[in-house]
Structures are given as C-alpha cells and as structure tokens.
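Have a look at the structure below before the remarks.
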Amino acid sequence: EARFMHQGMTSSDVLDTALSVQLAQATDLLLADMDALLAAGFPIDHSPFQWPLLREAVGNLMVPLAEFLVRRGADLDHDWPGHGSARATARGHVQYFHDPSSDDVRQLLAICGAGTVEEILAEIDATRQSPPPMDEMAVRVLQLAADDAARQAQPAITTEHLLVGVLRLRDGAFLSF
C-alpha cells in the first residue's frame, strides 16, 4: 500500500526504480558471498586478474569494493610487479591521472591511508624545480606590459600586452632571436 503516488510517473521511471532496487539487492548478495568466501579461507589478496582485486578496485575508483576489501584486511602495501601497490595507485590518482578535487579520489585516499590531496600536491611542489630567474630584458617587457594593461584598466596582463611590451622595448622593432 502506497500512501503517495507520483502523478507524472512514466514507464521509464518504473524501470529505473526497479533497476536501482535490483542493483542494491545484487550488491548485498555479492558482499554476503564475498564474506562467506573469506570466512571459508579464501585469501583476501586473491589475484584473479594477475593483480589483486584491491588493486583493481583502487585503480578503477571502485570506492565501495576498495572499502570492503580494506576493512577485511587486504594488504595495501603489497608491491605487485609491474603494477605497484594499492596505496601507491591511490596516490597516483592525484599525481598523474585524476582531478584531485574528485570525491572518489579523496575517499580512496582516506580508505587507503595514502594521505590527503593537499599533502600529495605539497610533496609534488616541493620536488618541482623553480624556474630560472628572469633576465633584465624579460623583467622590462613585463613592466611595459603591466603599464599597457593598467592604461587600459585591465586587471591582468594578456598576450596582447606582452606583445606591446616587446615592441615598446625596441622602439617598435621586433627583437632578434
């Protein structure tokens, strides 16, 4: 008995709702079966794909599966040849692959105890070489470009302002390279 009825409900709404319920029930069944396998002695670090299921879950941002496996004792630091560890893979999402502001990436870092996005980015910044100091000519071009931007009441220096700065530096003659 339903107390409320959605007046504009379509057949697609019914199918979408039914699919959502089926997926939730299927997930519960799969997790229960995995618990039964683990209770029977099946190793948590089993590797059906030539690397562990945990590495697969972390590498593909499968947050619920990764959390399930970690809570049951999967080894985050086992180094799989050619693939690395799950913890390193979680960090790699920030270092190389994904948007650091992604909720999935942040959740995986927390699940894997791999640090925070801010810590990882700070480590990257600490190892990054600083740019070489600018020579006098480059500084003067930037000053002239800033003057041009200020005269036009622009809040930032654009490529057009830089071009004007280069041209003004040499009295309208382009620099030789």
Side-chain angles (χ1 to χ4, degrees), residues 1-134 155-159 162:
E1 286 182 33
R3 289 182 46 198
F4 303 100
M5 182 64 140
H6 175 36
Q7 296 296 324
M9 183 169 48
T10 65
S11 59
S12 291
D13 293 332
V14 172
L15 290 174
D16 290 346
T17 302
L19 179 61
S20 295
V21 170
Q22 285 179 324
L23 288 172
Q25 291 172 343
T27 300
D28 291 341
L29 289 172
L30 287 171
L31 293 177
D33 287 348
M34 286 190 71
D35 275 335
L37 285 171
L38 294 173
F42 189 78
I44 190 78
D45 291 324
H46 176 66
S47 55
F49 310 110
Q50 298 176 346
W51 57 81
L53 191 55
L54 176 62
R55 171 68 175 66
E56 178 75 10
V58 172
N60 290 302
L61 297 173
M62 298 175 189
V63 175
L65 179 58
E67 184 174 24
F68 175 86
L69 294 168
V70 168
R71 284 188 178 175
R72 280 150 183 85
D75 183 3
L76 289 163
D77 295 313
H78 186 271
D79 190 19
W80 292 83
H83 303 290
S85 70
R87 195 180 316 264
T89 300
R91 292 178 65 82
H93 283 301
V94 175
Q95 295 168 322
Y96 311 111
F97 307 119
H98 292 279
D99 175 13
S101 63
S102 160
D103 287 338
D104 286 343
V105 170
R106 289 181 181 274
Q107 287 176 339
L108 275 175
L109 289 172
I111 290 166
C112 295
T116 66
V117 169
E118 292 75 19
E119 291 169 348
I120 295 168
L121 293 177
E123 289 172 17
I124 292 169
D125 286 343
T127 60
R128 187 175 292 150
Q129 293 181 352
S130 60
M134 290 191 285
I157 297 173
T158 66
T159 53
L162 289 171

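All of these numbers come straight from a predicted model, not from anything done at the bench.
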> Distance-only, no hydrogens or angles: does the D13 side chain make a donor-acceptor pair with backbone N or O of T10 under 3.5 Å?
Replying inline: yes
>> Any non-hydrogen side-chain atom of E118 less than 4.5 Å from a side-chain atom of L121?
In response: no
>> Strictly distance-based, threshold 3.5 Å: is any side-chain N or O of H93 a donor or acceptor partner for the main-chain N or O of V58?
In response: yes
> Between atom CG of L54 and atom CZ of R87, what is the distance when rounded to the nearest 0.5 Å?
Replying inline: 9.5 Å
> A57 and A66: which non-hydrogen atoms are nearest, and at how many Å?
Replying inline: CB-N, 3.8 Å
> Are the charged groups of D103 and R106 less than 4.0 angstrom apart, N to O?
Replying inline: no
>> side-chain contact (heavy atoms from CB on, under 4.5 Å), that's the test. Do Q22 and T27 meet it? Break it down for me.
In response: CA-CA 9 Å; Q22 285 179 324; T27 300; over 6 Å; no
>> I need the L69 CG to I111 CD1 distance, nearest 0.5 Å.
In response: 10.0 Å
> If you round to the nearest 0.5 Å, how far is CG of L19 from OG of S12?
Replying inline: 12.0 Å
> Is the shortest distance from a Lys or Arg side-chain nitrogen in R91 or E123 to a carboxylate oxygen in the other one below 4.0 Å?
Replying inline: yes
> When you measure from the side chain of N60 to the backbone N and O of M62, does any donor-acceptor pair fall under 3.5 Å?
Replying inline: no
> When rounded to the nearest 0.5 angstrom, what distance separates OG in S85 from CG in D75?
Replying inline: 8.5 Å
>> Can you tell me how far apart SG (C112) and CG (L76) are? Round to the nearest 0.5 Å.
In response: 5.0 Å
>> Is it true that, when you exclude D28 itself, more than 12 heavy atoms of the residues, nucleotides or ligands shown sit nearer than 6.0 Å to its CG?
In response: yes
>> Under a 3.5 Å distance rule, please check whether E119 uses its side chain to pair with a backbone N or O of T116 as donor and acceptor.
In response: yes
